[in-house]
Amino acid sequence: MTDSKYFTTTKKGEIFELKAELNSDKKEKKKEAVKKVIASMTVGKDVSALFPDVVNCMQTDNLELKKLVYLYLMNYAKSQPDMAIMAVNTFVKDCEDANPLIRALAVRTMGCIRVDKITEYLCEPLRKCLKDEDPYVRKTAAVCVAKLHDINAQLVEDQGFLDTLKDLISDSNPMVVANAVAALSEIAESHPNSNLLDLNPQSINKLLTALNECTEWGQIFILDCLANYTPRDDRESQSICERVTPRLSHANSAVVLSAVKVLMKFMEMLPKDLDYYSTLLKKLAPPLVTLLSAEPELQYVALRNINLIVQKRPEILKHEMKVFFVKYNDPIYVKLEKLDIMIRLASQANIAQVLAELKEYATEVDVDFVRKAVRAIGRCAIKVEQSAERCVSTLLDLIQTKVNYVVQEAIVVIKDIFRKYPNKYESVIATLCENLDSLDEPEARAAMIWIVGEYAERIDNADELLESFLEGFHDESTQVQLQLLTAIVKLFLKKPTETQELVQQVLSLATQDSDNPDLRDRGYIYWRLLSTDPVAAKEVVLAEKPLISEETDLIEPTLLEELICHIGTLASVYHKPPSAFVEGSRGVMHKRLPARTGSGESTESPDVGAAGGSAPEAAPSIIPSQGDLLGDLLNLDMAPPTTSGPPPPSTGMQMGGMDLLGGGLDSLMGDESEPLGGDIGGSPAMGAGFGAAPAVMPASLNAPVGGGLGDLFDLGGVGMPMGAYIPPKIVWLPAMKAKGLEISGTFARRAGVIQMELILTNKAMSVMTDFAIQFNRNSFGLAPAGPLQVLTPLGPNQTIEVSLPLSTVGPVMKMDPLNNLQVAVKNNIDVFYFSCQYPISMLFVEDGKMERQVFLATWKDIPNDNESQFQIKDCHLNSDAASSKLQGSNIFTIAKRTVEGQDMLYMSIKLSNGIWVLAELRVQAGNPNYTISLKCRAPEVSQCVFQCYEAVLKN
Amino acid sequence: MISQVFILSSKGDHLIYKDFRGEAGKDAVNKFYEMVTALTGGQPPVVMKHKELHFVHIRQGGLYWVATTKADASPFTIIEFLNRLTALVKDYCGCLLEKSVQMNFALIYELLDEVVDFGYIQTTSTDILKNFIQTEAVSSKPFSLFDLSNVGLFGADTQQNKVAPSAAATRPIVSSQGEQGSKNEIFVDVIERMSVVIGANVSITDYMVESSLSTYVKMAHFYDLILPNIPNVISLPPPSLLSGYGAAVRVDECSFHQAVRLDEFDTYRILKVCPSQGEQTVMQYQLCDDLPTAPPFRLFPSIERDSGGRLLMYLKLRCDLPPKRSLPLLSLFSPSLFSSLSQELSSPDQSAELQPKNKAVHWEIPRFPGGAQLSALFKLEVSGLSAASLQEVGPVSLSFELPKYTCTGLQIRFLRLSPIQPGPSQRWVRYVTHSDSYTIRI
């Protein structure tokens with residue numbers, strides 16, 4: 001209490017003193033006093049009490065003093081709005097001063113005073129200053145519009161400042177142009193749809209002219225603005241590139257990067273066979289290399305950007321490997337980035353050089369760096385096949401050094417090399433095994449155990465090795481435990497006779513003594529597999545693994561495209577889209593690279609992005625393994641079967657789930673094997689809980705489901721009537737295979753909504769309730785959009801019609817055939833599985849009509865390999881009738897051409913996942929056979945699309 | 001778009017704080033200091049993020065120069081800007097010290113006001129700025145021609161009549177009229193940074209020089225500066241023709257300041273510069289591999305195990321420069337594990353010590369005449385010495401500074417002011433080659 005009082009008094013004293021000085025008659029003294037005030041303000045003291053006294057000093061002809069007072073005003077006006085009004089008159093007067101410096105100063109300061117009341121007074125002076133004869137005043141006024149917009153956007157629009165600002169883009173002074181561009185760009189970002197900047201060839205030309213004349217900072221604004229423009233065609237794109245290229249040799253790295261951004265974006269539109277394209281590629285390399293001679297901070301930022309550029313266009317820097325070699329005095333964060341880029345640039349041509357470098361790095365001091373270097377050697381081996389052998393021997397050399405972390409890192413990467421080149425480098429296993437004891441990191445231990453398990457048949461003492469790990473099983477990390485479990489099961493399947501005891505030991509450790517659910521579940525699954533069918537177990541556990549991909553940790557293509565549009569910004573340093581870290585409306589717009597077009601129309605429409613983008617490629621790349629599929633399908637929360645007696649005791653719930661899994665697995669695999677409980681020779685005895693399980697398993701479930709599923713697959717494939725009317729319903733699930741539940745149905749597209757129309761019939765004697773439905777992952781992400789609406793119980797011999805709306809946002813997995821859909825339906829009795837095929841035409845969306853120009857460009861752009869041709873026989877419609885009929889199913893005719901009595905119809909279709917299909921239908925008058933050519937970036941769909949054509953035209 | 005700019009002392013005192021857009025609070029300053037002092041060595045300090053605010057900073061003159069932004073701004077722009085800002089402050093206040101920043105805060109605020117408006121960078125050119133800036137700089141130290149304590153900023157020798165007094169470069173460019181108002185001075189500095197990697201088989205695996213030619217101008221009016229280069233050493237292509245490299249010497253990249261006019265460059269190798277007041281980099285260039293001069297140092301190492309289980313390193317270092325040069329030198333190498341060191345050095349003024357933290361032996365050589373050869377024998381106690389640990393020794397890394405020497409051979413033939421200027425003017429040309437990445441693998 002007393003302390004605080006003490007402080008206030010001193011403060012008061014000081015302020016009192018200042019007050020007196022501020023009111024002094026002497027100019028010098030006044031100035032010193034204001035300086036003192038500002039000094040206190042900087043260190044954080046509150047000097048707002050002096051507001052009126054400072055404002056009194058404002059009316060002076062001393063520019064230096066005026067500037068100081070304005071500085072003070074900017075800081076405190078917000079907290080003293082009423083007092084700030086007092087200053088308004090002086091501001092307005094200063095805006096008409098004969099000295100342009102004072103005019104500009106007044107406008108600049110007024111804009112910084114973020115007080116609503118003041119903004120009203122600001123408008124008139126600002127309007128005058130925007131048309132001032134002095135460019136310094138105009139450029140300050142241009143920025144002031146942006147300031148005012150930030151405070152009161154409506155006011156700026158009402159007062160028409162935006163139009164004045166637009167006019168300033170054509171100003172004679174480049175500085176004014178640059179500021180106007182900067183201000184407009186910022187305002188435009190908060191109005192994503194307004195066409196404020198109105199970029200067109202004329203305005204672009206003006207900007208390009210101003211670019212040559214303005215300061216380096218102005219150049220950055222203009223270049224950033226250019227980057228938002230989408231040229232009409234490749235010629236315009238080239239001419240802009242030509243005029244931007246000289247900026248690449250600018251001394252200011254920010255200018256260089258902004259120019260790189262523009263070029264990277266516009267290059268996308270240039271045809272790759274153009275001479276200019278390769279010239280441009282060559283020109284991009286030197287400036288990027290130069291950035292690496294800057295101070296480490298800039299180097300780091302540059303490397304993050306180069307990392308993106310290398311992923312997008314590796315050809316730019318492919319000959320510049322050497323500059324990415326690590327220097328002794330680079331900070332560690334620069335070193336790590338450089339390593340990353342080195343691997344991305346590694347190719348057969350330079351691999352020897354790279355490996356020699358990496359080997360040197362592996363003996364450096366910094367542990368993190370050494371680890372990454374060793375890992376890099378492994379990645380080189382995986383990426384450049386020809387070098388694999390050399391990489392492996394380099395890694396072996398490193399293992400010989402016995403430096404602990406080097407050895408561990410090397411073993412982790414050798415595991416990956418084994419996965420990439422199976423059965424090729426097993427000779428090194430002996431060396432690896434020598435180092436078993438020194439491994440203390442989980443990742444390295446897990447990798448070593450994986451190797452032992454995978455090659456158990458070639459390692460004589462594999463069982464001893466694994467057993468040694470087993471001793472401290474509970475002290476290991478989860479990663480190691482899981483690997484150990486799998487490795488021992490592999491070992492057992494390979495050498496069943498000697499290792500029974502071991503496998504039993506690990507299974508009981510995993511299931512009974514562990515409370516980690518992952519470990520326990522994996523243990524149970526293995527146990528069950530082994531006890532059910534060791535042959536199947538072998539197929540599952542020792543299945544051939546897919547090879548690992550060459551490039552690891554690539555940035556996902558759409559994100560990469562967006563980041564390329566943000567080269568040189570924070571987004572490119574974080575490798576995150578701006579929306580992830582910029583608040584508010586700013587930066588929410590997702591920028592995309594332009595698609596390549598001929599001299600055609602604008603490419604603004606989003607369709608082109610999809611057509612030229614990566615959507616079609618994405619689908620095949622994310623096919624999960626068969627195991628996941630089943631897991632998902634069975635992921636219904638299902639109650640245990642209740643019809644076949646009381647639920648099993650103890651682990652009842654869990655057992656129910658397991659049974660369903662077993663049944664479903666067998667039946668879906670079409671395995672008509674013996675009953676589940678059957679004895680399996682050589683396998684260890686089952687645990688008590690499992691012993692009970694098969695008994696509970698109703699025999700009736702297994703037989704019909706298992707037998708029936710084979711037939712089910714044939715059901716869907718028959719002709720699919722399509723178009724305006726709904727194809728007839730067919731039986732999907734016969735009653736005898738589903739304990740009396742019969743399901744038939746069809747698919748329809750009504751008013752843009754996909755529907756599955758089902759008829760459920762109860763042919764059993766008991767009442768059915770609790771219906772639920774779930775789809776397996778499928779090619780187009782079909783999923784129920786709501787629950788299955790069967791509200792009343794379904795009595796014996798009752799039938800109910802249900803319509804289930806579907807969405808296309810579910811998980812995606814490519815099916816074979818493509819339009820196959822696996823369905824699980826549950827009721828109070830059991831879960832039933834069937835599969836059906838849907839006509840792909842129900843995925844054709846209503847906005848599938850492509851612009852003619854876009855159609856032409858896209859048709860040319862899709863490689864000829866993706867074209868497929870089909871014949872439609874016995875169709876007696878003329879081309880117009882066919883066209884209108886097809887239109888009913890969202891197949892749109894874009895153009896028609898008649899050549900020598902043959903009608904050529906050009907059509908486009910858009911699938912719900914954004915894939916475009918382009919078609920050319922040839923109809924010869926009098927010939928009932930049509931020829932159809934389909935072009936699509938995802939050629940797999942062509943067959944299904946053709947079937948739809950046939951179905952629609954023939955019905 | 002820059003949101004705030006602030007300057008902090010190394011202890012975290014607020015020296016300058018300027019808010020341009022009113023979107024972030026003043027507490028950002030303390031938050032920044034907290035974050036920057038908590039950084040560990042391995043983290044890239046370049047861009048830091050706290051909630052919605054991004055900090056970009058550089059360190060110059062022991063001060064933190066920080067800019068914050070809330071938008072997806074360009075860190076390149078901001079770093080370049082901060083570098084220019086430090087140069088400006090240096091030009092205006094004479095030097096970059098906490099004291100001079102503190103004394104000139106009003107001037108710096110005024111500068112900031114003209115340089116940035118609403119977060120948009122306006123200009124950083126002293127020519128333009130001098131029209132606007134009113135405040136006089138307060139020099140922290142009165143200039144005295146006899147204050148030569150810092151002579152040899154770049155190691156220039158001590159013949160006083162030839163040496164540029166280093167203090168001349170630490171005076172504000174806008175000096176008060178009077179004593180030195182009429183004095184015209186131009187400094188041209190050629191600074192080359194060499195980075196060399198010499199492989200274990202004595203072949204040069206990587207040899208690169210990055211250089212910059214910068215001017216420091218202090219004149220009342222400005223003139224053209226003509227800096228001709230030796231034509232046969234660097235055939236610099238003008239920037240627009242960068243794709244066509246000269247056959248003889250490869251210049252990887254060369255960039256010029258905006259103020260450079262290249263119209264006579266191709267034919268006469270003349271760079272015409274209209275430099276602004278203050279310091280600026282006129283030209284930056286970079287050469288790789290085929291350099292006209294060989295790397296200045298060669299090392300002949302031999303490493304073995306002696307009977308007592310110690311590691312013996314015998315190093316012979318030769319300097320291939322012309323005989324009359326002498327230079328300070330410092331060398332480092334890094335074996336993996338060791339516990340103690342004994343040494344035999346070839347002359348008493350050298351010293352060597354163990355640096356356990358870096359796992360390195362540090363050998364310092366204060367004088368190293370050109371053409372001479374020095375040797376050292378280090379005996380290291382290494383626990384658990386094996387054949388493999390021999391492989392882990394190295395690389396040797398040198399850092400040094402060679403005054404009056406350019407490894408590219410670039411020389412400035414003459415420096416002409418045009419039109420011929422009345423009154424006295426002083427022109428200084430200084431060369432230095434510098435390296436802290438000269439690595440020799442063993």
Side-chain angles (χ1 to χ4, degrees), chain A residues 35 38-39 42-44 63-64 67-68 71 101 108 114 140 143 146-147 179 182 215-217 220 246 249-254 257 279 282-283 286-287 289-290 293 297-298 300-301 322 325 327-329 332-333 360 363 365 368 400-402 566 568-571 573 578 581-583 586-587, chain B residues 1 14 16-17 22 26 41-44 46-47 49 52 54 58 70-77 79-80 105-106 109-110 113 117-118 120-123 125 132 134-135 195 206 210 239-240 242-243 252-253 255-258 281 284 286 334 336 358-359 388 391-392 395 397 436-437 439 441:
Chain A
K35 271 193 188 179
I38 290 169
T42 304
V43 295
L63 197 53
E64 194 186 347
K67 277 190 166 184
L68 289 171
L71 188 66
L101 288 189
R108 187 170 66 209
R114 306 174 60 87
T140 312
V143 177
K147 292 179 189 167
N179 273 359
T215 68
E216 48 199 317
W217 310 109
I220 297 170
S249 53
H250 201 285
N252 185 326
S253 66
L257 252 282
T279 320
K282 273 191 212 123
K283 282 184 179 169
V289 170
T290 310
S293 54
E297 289 89 358
L298 272 180
Y300 173 76
V301 180
K322 257 184 138 175
F325 287 172
K327 287 186 199 164
Y328 181 77
N329 58 337
I332 180 71
Y333 52 87
E360 290 292 337
T363 59
V365 190
D368 284 340
Q400 299 298 352
T401 64
K402 306 268 178 200
H566 289 283
T569 70
L570 287 173
V573 178
F581 58 84
V582 176
E583 73 174 359
R586 253 178 234 145
Chain B
M1 281 164 287
H14 304 192
I16 296 286
Y17 168 83
K26 204 174 173 181
Q43 284 168 294
V46 187
V47 182
K49 179 168 172 276
E52 298 288 334
H54 308 271
I58 60 167
K70 277 198 153 182
D72 182 24
S74 156
F76 284 97
T77 314
I79 295 175
E80 284 277 359
F105 73 92
Y109 276 125
E110 198 185 353
D113 247 341
D117 192 5
F118 199 49
Y120 307 143
I121 302 164
Q122 300 294 307
T123 180
S125 147
F132 311 132
Q134 310 291 327
T135 316
S195 86
D206 191 11
E210 298 152 1
S240 55
L242 266 175
S243 52
D252 281 16
E253 167 69 356
S255 62
F256 298 98
H257 190 270
Q258 269 185 318
T281 303
Q284 281 174 305
Q286 189 178 328
S334 43
S336 68
N358 303 328
K359 297 184 178 176
Q391 295 182 357
E392 275 192 72
S397 171
D436 46 14
S437 178
T439 307
R441 288 175 180 157

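- Here the CG atom belonging to A/L68 is positioned 11.0 Å from the OH atom belonging to B/Y109, to the nearest 0.5 angstrom.
- With respect to chain B, the highest number of heavy-atom pairs below 4.5 Å among A/L101, A/L257, A/T215 belongs to A/L257.
- Only the side chain of A/V573 comes within contact range of chain B, with at least one heavy atom under 4.5 Å from a heavy atom of that chain.
- Nearest heavy atom pair, residue B/P75 against residue A/G568, reads CD-O, 3.1 Å.
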Take A/N179 and B/Q122, measure what side-chain contact (heavy atoms from CB on, under 4.5 Å) needs, and give me the verdict at the end.
CA-CA 8 Å; A/N179 273 359; B/Q122 300 294 307; 2.7 Å; yes
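- If you measure heavy-atom distances from B/Y120 to chain A, the contacts under 4.5 Å come from both the backbone and the side chain.
- Between chain A and the options B/I58, B/I79, B/T123, heavy-atom pairs under 4.5 Å are most frequent for B/I79.
- Interface remark: A/L298 contributes backbone and side-chain atoms alike to the contact with chain B (heavy atom separation under 4.5 Å).
- Contact annotation: the side chain of A/K67 never approaches that of B/D113 to less than 4.5 Å [non-hydrogen atoms, C-beta and beyond].
- Interatomic distance, B/E110 CD to A/L63 CG, rounded to the nearest 0.5 Å: 7.5 Å.
- Across A/S253 and B/F76, no two heavy atoms sit closer than the pair OG-CD2, 3.6 Å.
- With chain B as the partner, the residue from A/A251, A/S293, A/A182 showing the most heavy-atom pairs under 4.5 Å is A/S293.
- Considering CG of B/D117 and NZ of A/K147, their distance stands at 3.5 Å, rounded to 0.5 Å.
- Residues satisfying the side-chain hydrogen bond (donor to acceptor under 3.5 Å, both in side chains) criterion with A/E297, sequence neighbours excluded, are absent altogether.
- Taking the side chain as every heavy atom from C-beta outward, A/K327 and B/T439 never approach each other to under 4.5 Å.
- Residues A/F581 and B/D72 meet the side-chain proximity criterion, which asks for heavy atoms closer than 4.5 Å.
- Proximity to chain A (any heavy atom under 4.5 Å) is shown, for B/S437, by both the backbone and the side chain.
- A 4.5 Å side-chain heavy-atom check between B/T77 and A/W217 finds at least one atom pair inside the cut-off.
- For the pair B/F105 and A/K35, the minimum side-chain heavy-atom distance is below 4.5 Å.
- Contacts of A/N252 with chain B are made by both backbone and side-chain atoms, with heavy-atom separations under 4.5 Å.
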